[in-house]
Amino acid sequence: MLLLEVLIGAAALAILIPILILSAEVLAASLSRDGQPQDMAARPRLGVVIPAHNEASGIGDALDCLIPQLQNGDRLLVVADNCTDDTATIASAAGAEVIERNDSSHRGKGYALDLGMRHLAADPPAVVLIVDADCRVEEGSIDRLARVCAQTGRPVQALYLSHAPPGARLAMRVAEFAFVLKNRVRPLGLRSLGLPCQLMGTGMAFPWACIAKATLATGHIVEDLKLGLELAGAGYPPLFCPEAQVTSSFPASHEGFESQRTRWEHGYLTVLVKDAPAVLLKSVHTLNRDLLALGLDVCVPPVALLTLLAAAVWIASAIFRAVTRVDLPLLIASAAVALLTLSVLSAWTRYGRQILSPGSLALAIAYALLKIPLYFRFLVARQFEWVRTKRDEDRPR
């Protein structure tokens with residue numbers, strides 16, 4: 001019985017730790033004040049790289065947002081990666097510089113970015129901005145990212161949000177709120193604490209000296225997360241810049257939405273399980289505060305999984321308490337559930353009320369339950385390879 005008490009108590013502590021991290025980030029975000037950096041550096045020469053795989057349906061709109069924000073001397077490079085559609089033709093007609101990559105044995109965004117950087121190396125810009133081909137860069141964001149990057153000499157991450165289409169079902173609206181929690185609230189909390197943020201895959205600006213030395217040619221399905229950790233370990237911790245904003249839309253189709261969520265969450269959990277322990281050890285060994293902060297941040301699972309784990313630990317602790325009358329594991333588990341609930345409610349109150357009604361938020365636990373098969377597949381049939389998200393316009397008409 002003592003061994004069981006130790007195991008359940010350890011499980012309760014294990015779930016409490018990421019919830020404490022999440023709670024600290026949400027609290028710091030709620031206490032933060034909006035403000036823009038002062039004494040901005042001069043606008044540097046910029047190179048924009050857009051990796052694109054079969055993006056003919058949307059790349060024109062993305063370029064329409066980007067091109068008016070560029071200045072003389074800037075470069076706009078589209079890497080048409082293993083495309084079988086008119087992506088390259090459309091990008092070239094819009095005025096972008098286009099290179100094509102055809103290598104079906106090495107698939108993934110990282111390989112396209114590596115080719116793009118090697119292409120720019122002959123005449124490198126001062127700052128490189130990476131934008132996905134299905135994203136809209138809001139007006140003024142390129143200038144803001146370029147200037148902050150030049151001023152700080154660090155990678156800079158814009159606020160990246162993905163929106164549910166009008167009339168979307170509950171699961172997609174809950175996912176939009178979870179996206180806000182992960183990509184807006186938590187990085188804002190880290191920034192208010194003077195700490196770096198994770199890279200988000202799009203809306204990322206890098207000093208040339210930084211990105212030119214980075215390891216990009218990988219097929220990892222969350223290459224942005226890996227890159228942010230690598231750069232923090234090398235002395236280039238990413239900086240969050242919510243004054244710049246990049247947006248996209250969730251796929252309207254159920255198939256595309258589920259494919260996208262599986263890729264993101266399986267990739268994130270793979271980094272959590274395989275890389276986070278080594279990152280934390282390295283941060284302690286090198287006394288790298290920024291790397292430690294990012295390592296701890298990675299240890300927070302997706303909020304749906306965190307909710308499921310907290311609930312499971314609480315139920316196990318409650319049963320153990322009923323049988324043994326031992327209180328401590330249940331007290332720890334109850335504290336974890338309470339903190340998680342308060343954190344989510346706090347984030348929703350300030351940032352999520354326009355996305356979810358109070359009733360919809362109350363039903364979010366059902367959304368977490370529906371994701372159990374996704375997390376089970378992570379254990380038995382984990383997704384390792386990059387697969388393009390299937391969007392509505394890909395369907396036969």
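- One distance of note links CG of Leu291 with CG of Leu280; it measures 8.0 Å at 0.5 Å rounding.
- Of the possible donor and acceptor atoms, none in the side chain of Ser92 sits under 3.5 Å from a partner among the backbone N and O of Thr89.
- Clustering ILVMFWY residues whenever any of their side-chain heavy atoms sit less than 4.5 angstrom apart, transitively, puts Leu190 in a cluster other than the one holding Val303.
- Between atom CH2 of residue Trp264 and atom OG of residue Ser259 there is a gap of 10.5 Å, rounded to the nearest 0.5 Å.
- A side-chain contact (heavy atoms from CB on, under 4.5 Å) with Arg136 holds for exactly one of Thr247, Asp64, Asp61, Leu66; it is Thr247.
- Smallest separation of non-hydrogen atoms from Val300 and Tyr268: O-OH, 3.0 Å.
- A side-chain donor-acceptor contact under 3.5 Å links Ser334 to the backbone of Leu330.
- More than 12 heavy atoms of other residues, nucleotides or ligands sit less than 6.0 Å from atom CZ of Arg321.
- Remark: side-chain polar atoms of Arg186 are not paired, donor with acceptor, to backbone N or O of Leu181 under 3.5 angstrom.
- In this structure, CG on Leu77 lies 12.0 Å from CG on Leu129, to the nearest 0.5 angstrom.
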Could you walk me through whether Asn82 and Ser104 satisfy the side-chain hydrogen bond (donor to acceptor under 3.5 Å, both in side chains) test, starting with their C-alpha distance in whole Å, then the side-chain angles of each, then the deciding distance to 0.1 Å, before giving a yes or no?
CA-CA 7 Å; Asn82 287 303; Ser104 58; 5.6 Å; no
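- With hydrogens and angles ignored, the 3.5 Å screen pairs a side-chain donor or acceptor of Arg350 with a backbone N or O of Ser30.
- Under the 4.5 Å side-chain criterion, counting only non-hydrogen atoms from C-beta, Arg101 is not in contact with His119.
- Atom CG of residue Leu76 and atom CG of residue Leu63 lie 5.5 Å apart, to the nearest 0.5 angstrom.
- No continuous path of ILVMFWY side-chain contacts below 4.5 Å connects Leu370 to Leu306, so the two sit in separate hydrophobic clusters.
- Closest non-hydrogen pair, Ala52 versus Ile59, comes out as CB-CD1, 4.0 Å.
- Leu31 and Leu193 are members of different hydrophobic clusters when ILVMFWY side chains are connected at heavy-atom separations under 4.5 Å.
- In this structure the side chain of Arg377 reaches within 4.5 angstrom of the side chain of His266, judged on heavy atoms.
- When all heavy atoms of Ala244 and Arg144 are compared, the closest pair comes out as CB-CG, 4.1 Å.
- Looking only at distances, a side-chain donor or acceptor of Gln157 sits under 3.5 Å from a matching main-chain atom of Met200.
- A donor-acceptor contact shorter than 3.5 Å is absent between the side chain of Asp74 and the backbone of Val48.
- The pair Glu243-Arg191 meets the salt-bridge criterion, with a side-chain N (NZ, NE, NH1 or NH2) lying under 4.0 Å from an Asp/Glu carboxylate O.
- With a 4.5 Å cut-off on side-chain heavy atoms, Glu265 and Tyr375 count as touching.
- Residues Tyr351 and Leu342 are members of separate hydrophobic clusters, defined by side-chain heavy-atom contacts under 4.5 angstrom among Ile, Leu, Val, Met, Phe, Trp and Tyr.
- Between Pro242 and Leu188, the closest side-chain pair of non-hydrogen atoms falls below 4.5 Å.
- At least one side-chain heavy atom of Lys226 sits under 4.5 Å from a side-chain heavy atom of Val271.
- Formation of a donor-acceptor pair under 3.5 Å by the Gln71 side chain with backbone atoms of Arg43 is not found in this model.
- Taking the side chain as every heavy atom from C-beta outward, Val127 and Leu145 never approach each other to under 4.5 Å.
- In terms of heavy atoms, Asp81 sits closest to Gly108 at OD2-O, 3.7 Å.
- By the 4.5 Å heavy-atom criterion applied to side chains, Glu55 and Asp134 are counted as neighbours.
- No salt bridge links Lys109 with Asp224; every basic N to acidic carboxylate O contact stays at or beyond 4.0 Å.
- Rounded to the nearest 0.5 Å, atoms CD (Glu25) and CG (Asp297) are 4.5 Å apart.
- Counting heavy-atom neighbours within 6.0 Å of Trp208 CH2, excluding the residue itself, gives a total above 12.
- A heavy-atom distance below 4.5 Å is found between the side chains of Ile211 and Leu227.
- Interatomic distance, Ile67 CD1 to Ile142 CD1, rounded to the nearest 0.5 Å: 10.0 Å.
- Under 4.0 Å is where a charged nitrogen must lie from a carboxylate oxygen, and between Asp123 and Arg45 at least one such pair does.
- Taking both residues in full, the closest heavy atoms of Ala62 and Ala133 are given as CB-O, 3.4 Å, listed atom of the first, atom of the second, then distance.
- Annotation for Ala42 and Ala150: closest pair O-CB, 4.2 Å, computed over non-hydrogen atoms.
- Between Tyr111 and His106, the angle of the ring planes goes over 60°, which puts this pair in the perpendicular group of the 30/60° scheme.
- Under the 3.5 Å distance criterion, the side-chain polar atoms of Asn183 are matched with a main-chain donor or acceptor of Tyr160.
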